[in-house]
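Residue numbering restarts at 1 for every chain, and letters A, B, ... go by the order of the sequence lines.
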2 protein chains.
Amino acid sequence: MPDNLHPLVYRFIEDAGNTTQSFGVGRVIGQIYAFLYFSPSPETLDGMRDGLGISKGSASIAVRQLEQWGAVQKVWVKGDRKDYYTAKDAFGKIIKNAILEMVGKKMGDYESLLAEAREQLESGAIEDDADRIAFMQERLEHLQKFQRWSHQLWNSPMLQTLLK
Amino acid sequence: MPDNLHPLVYRFIEDAGNTTQSFGVGRVIGQIYAFLYFSPSPETLDGMRDGLGISKGSASIAVRQLEQWGAVQKVWVKGDRKDYYTAKDAFGKIIKNAILEMVGKKMGDYESLLAEAREQLESGAIEDDADRIAFMQERLEHLQKFQRWSHQLWNSPMLQTLLK
DNA sequence: TGTTATGTTAAATACATACTGAACGTTTTG
DNA sequence: CAAAACGTTCAGTATGTATTTAACATAACA
């Protein structure tokens, strides 16, 4: 443990790193966010490097991702041309943005694949026996139903409010 | 592409595999689920191996995980002692179970860490200047507020209904 | 203008872990 | 009871990708 770090803070950083890592987002992201969250004043890339024992390149990349999720914010410190960052603490919004980025694109992909599949099936481009075609159509319809359902759930006023 | 597979089914299998992989859950899980979802009749481990070009060991492990999430179901086929599986299609429930397993444990961990942290801080076990301690307390309180909030959100009747 | 400070990028590396293959225990079959 | 059929497990390997390193571009400085 770096000796310049509050022992409690260190444990939160460890946990956060493990969490983000287990979600396939990389360990540094969680570490940096926790580090900033428990920093009384803004920190620079070099500060993160020294505080966490990571490379500056890692810090640069991770901070950009966090910025995209609205999890951290660049702040301007007069008299210093380094970039300073602080953690934003609107967890709901952050989670929403992260989810949106991770599943949003895939949702669109499935939508088009689904549309294409139904088209091919109806146009008779796929030759198969009637039973098989009927089964496929049933599955595709069920998928489309779920797709519509998830859209509605995501856009429901309640969820939008809660993830504000 | 294995030639015994419907071309459309193959594309869904690919997509599903990519999705689960990007979520850090492994590619085979998505592949098997899609394979079963588009199979008119139950399939065995050997069927998955042949249909997807994976090892039987992989299939065994992945199927167990899927079973734990309630995503697949063992079915009994008379006259055959192989284990047969079908895909269950209650997506909401499946997602709920998966999330529960993935974040549930971590939630508990944070809860205890949080409690321990507050305890240490209040008992004066950590020596630090007053400003620093006040800041830490504020952060810990904010975390605890979020923890309570997420509990409520997760247990809200609305969400419970939607993820049924 | 040359020099230093800073953030970014791309190639190389390291790392975590998903997956394979073979061996094992169990159950069925003949 | 022997032999085959299954499912499972675990050590080893392969694979994807997170992270580092070093070179680069840009902007401030003196």
Side-chain angles (χ1 to χ4, degrees), chain A residues 2 13-36 42-69 72-85 98 101-102, chain B residues 2 13-36 42-69 72-85 98 101-102:
Chain A
I13 288 173
E14 282 284 291
D15 271 29
N18 290 335
T19 302
T20 51
Q21 178 165 281
S22 86
F23 274 96
V25 172
R27 142 173 292 256
V28 177
I29 293 217
Q31 292 187 115
I32 288 185
Y33 182 78
F35 178 66
L36 293 179
E43 294 282 351
T44 66
L45 291 182
D46 289 324
M48 303 173 201
R49 170 170 53 73
D50 298 338
L52 299 172
I54 61 178
S55 77
K56 204 164 150 184
S58 268
S60 174
I61 293 173
V63 143
R64 189 194 309 156
Q65 176 69 282
L66 285 168
E67 221 178 349
Q68 214 146 36
W69 291 345
V72 305
Q73 199 172 19
K74 212 179 276 192
V75 300
W76 189 77
V77 172
K78 84 166 182 185
D80 196 331
R81 66 188 175 92
K82 284 196 180 93
D83 290 344
Y84 282 81
Y85 295 91
E101 173 168 313
M102 292 206 272
Chain B
I13 288 174
E14 283 284 292
D15 270 31
N18 290 335
T19 301
T20 51
Q21 178 164 282
S22 86
F23 274 97
V25 171
R27 143 173 290 257
V28 176
I29 293 217
Q31 291 187 115
I32 287 186
Y33 183 78
F35 179 66
L36 293 179
E43 295 281 350
T44 67
L45 291 183
D46 289 325
M48 303 173 201
R49 171 170 54 72
D50 298 338
L52 299 171
I54 62 178
S55 77
K56 204 163 151 187
S58 269
S60 175
I61 293 171
V63 143
R64 189 193 310 156
Q65 175 71 282
L66 285 168
E67 220 176 349
Q68 214 146 36
W69 290 345
V72 305
Q73 198 172 18
K74 212 181 275 193
V75 300
W76 189 78
V77 172
K78 83 166 181 181
D80 198 331
R81 67 188 177 97
K82 285 198 180 94
D83 291 344
Y84 282 80
Y85 294 92
E101 172 167 314
M102 293 208 270

Enquirer: OP1 or OP2 of D/dA4 less than 4.0 angstrom from a side-chain nitrogen or oxygen of B/Arg81, does that happen here?
Expert: no

Enquirer: Starting from the 5' end of DNA chain C, give me the residue, A/Asp80 or B/Ala59, whose nearest nucleotide shows up first.
Expert: A/Asp80

Enquirer: Under 4.0 Å from OP1 or OP2 of D/dT20: is there any side-chain N or O of A/Ser55 that close?
Expert: yes

Enquirer: Of all heavy-atom pairs between B/Ala59 and B/Ile32, which one has the smallest distance, and what is that distance?
Expert: CA-CD1, 3.7 Å

Enquirer: How many whole angstroms separate atom CG of B/Leu45 from atom P of C/dT26?
Expert: 19 Å

Enquirer: So, taking the atom named CG in A/Leu45 and the one named NZ in A/Lys82, what distance separates them when rounded to the nearest 0.5 Å?
Expert: 9.5 Å

Enquirer: Can you tell me which nucleotide in D/dT20, C/dC19, D/dG7 comes closest to the side chain of B/Ser58?
Expert: C/dC19

Enquirer: Figure out the CG/C1' separation between B/Leu52 and C/dA18, and round it to whole Å.
Expert: 15 Å

Enquirer: Starting from the 5' end of DNA chain D, give me the residue, B/Ile61 or A/Gly24, whose nearest nucleotide shows up first.
Expert: B/Ile61

Enquirer: Nearest-Å distance, CD1 (B/Ile32) to P (C/dC19)?
Expert: 9 Å

Enquirer: Between A/Ser60 and A/Lys56, is there a donor-acceptor pair closer than 3.5 Å when you use the side chain of the first and the backbone of the second?
Expert: no

Enquirer: Which atom pair, heavy atoms only, marks the closest approach of A/Tyr85 to A/Val75?
Expert: N-CG2, 4.4 Å

Enquirer: I want to check one thing: is the phosphate of D/dT8, taken as OP1 and OP2, less than 4.0 Å away from some side-chain N or O of B/Ser60?
Expert: yes

Enquirer: If I take atom CZ in residue A/Phe23 and atom C1' in nucleotide D/dT17, what distance separates them, rounded to the nearest angstrom?
Expert: 18 Å

Enquirer: By nearest atom, which of the nucleotides C/dT9, D/dT19, C/dC19 is closest to the A/Val28 side chain?
Expert: D/dT19

